[in-house]
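Structure first, then comments.
We number each residue from 1, following the sequence as shown.
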Amino acid sequence: SAAAFGRRVVEKLGDRPLKYGQSHQNDPLGAAVAREVLAVIRDEGLIERGREIAAELLAGLLEIQTRTKRIRAIRARGLMLAVELVDDADGAFTTRVHRELVHRGFITCRRPGVSVLRIDPALTIDRADIEAFLAALEEALAAGARRP
């Protein structure tokens, strides 16, 4: 683990030492759990499956971008994706799309002040869920574009 501090905090600390410790250092249970997680990832081929799902998700997003013209850019690294929308000046379009996706049960991240939806599905996500998300996103983009 690590601790990071902003400049103001470091200035306030000055030369005073900072006490830091972690409670699970050298924990055999944590090590056993981590080993089992790595075994599942390996045995179930989740990394390879993640690559396949990521390619399908990216391809679907690119198709939606072409059809709707409401996606400005797509950035992806594996199953971590950011979808930048063509937004209103006040960011209302992205907010409406985000709310609609959440209403439909899809968890996406939206940070205030940026017109970006972040999508981080699990390595175990079903293809049917990817297809349902893509359909919901396209519908939300179309509906959001129609609302005032």
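To the nearest 0.5 angstrom, Leu85 atom CG is 7.5 Å from Leu137 atom CG. Atom CG of Leu134 and atom CD1 of Ile119 lie 8.0 Å apart (nearest 0.5 Å). One finds the CG atom of Leu61 at 6.0 Å from the CG atom of Leu81 (value rounded to the nearest 0.5 Å). The line from CG of Leu58 to CD1 of Ile74 is 6.0 Å long, rounded to the nearest 0.5 Å.
Across every non-hydrogen atom of Ala54 and Gly78, the tightest pair is CB-O, 3.3 Å. Here the closest heavy-atom approach between residue Phe106 and residue Ala136 is recorded as CE1-CB, 3.6 Å.
Residues Val114 and Val97 fall into different hydrophobic clusters, defined by Ile, Leu, Val, Met, Phe, Trp and Tyr side chains chained together at heavy-atom separations under 4.5 Å. Clustering ILVMFWY residues whenever any of their side-chain heavy atoms sit less than 4.5 angstrom apart, transitively, puts Leu29 in a cluster other than the one holding Leu38. Using a 4.5 Å cut-off between side-chain heavy atoms of Ile, Leu, Val, Met, Phe, Trp and Tyr, with links allowed through other members, Ile130 and Ile47 fall into the same hydrophobic cluster. Cluster annotation: Leu141 is connected to Leu62 through the hydrophobic network of ILVMFWY side chains, with a link wherever side-chain heavy atoms come within less than 4.5 Å. If you chain together hydrophobic residues whose side chains sit under 4.5 Å apart, Ile107 and Val83 never meet in one group.
A salt bridge between Arg104 and Glu100 is present, with a side-chain N of the basic residue lying under 4.0 Å from a carboxylate O of the acidic one.
For the pair Glu84 and Arg75, the minimum side-chain heavy-atom distance is below 4.5 Å. Residues Arg110 and Arg99 form no side-chain contact, since every pair of their non-hydrogen atoms from C-beta on lies 4.5 Å or further apart. Contact check for Asp90 versus Thr95: no side-chain heavy atoms found under the 4.5 Å cut-off. Side chains of Pro121 and Ile53 form no contact here, defined as non-hydrogen atoms less than 4.5 Å apart. Residues Thr94 and Val116 have side chains not in contact (no heavy-atom distance under 4.5 Å, counting atoms from C-beta outward).
Under the 3.5 Å distance criterion, the side-chain polar atoms of Arg16 are matched with a main-chain donor or acceptor of Leu13. A donor-acceptor contact shorter than 3.5 Å links the side chain of Gln65 to the backbone of Ile71. The closest donor-acceptor contact from the side chain of Arg49 to the backbone of Leu123 lies under 3.5 Å. The backbone N or O of Val86 lies less than 3.5 Å from a partner atom in the side chain of Arg70, making a donor-acceptor pair. With His98 contributing its side chain and Thr108 its backbone, the two residues share a donor-acceptor pair below 3.5 Å. Of the possible donor and acceptor atoms, none in the side chain of Asp126 sits under 3.5 Å from a partner among the backbone N and O of Ala128.
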Check against side chain to side chain contact (heavy atoms under 4.5 Å, CB included), Glu52 and Arg127: CA-CA 10 Å; Glu52 294 169 9; Arg127 283 183 166 85; 3.0 Å; yes
Before giving the answer on side chain to side chain contact (heavy atoms under 4.5 Å, CB included), spell out for Ile125 and Phe133 the whole-Å C-alpha distance, their side-chain angles and the decisive distance to 0.1 Å. CA-CA 11 Å; Ile125 192 167; Phe133 170 77; over 6 Å; no
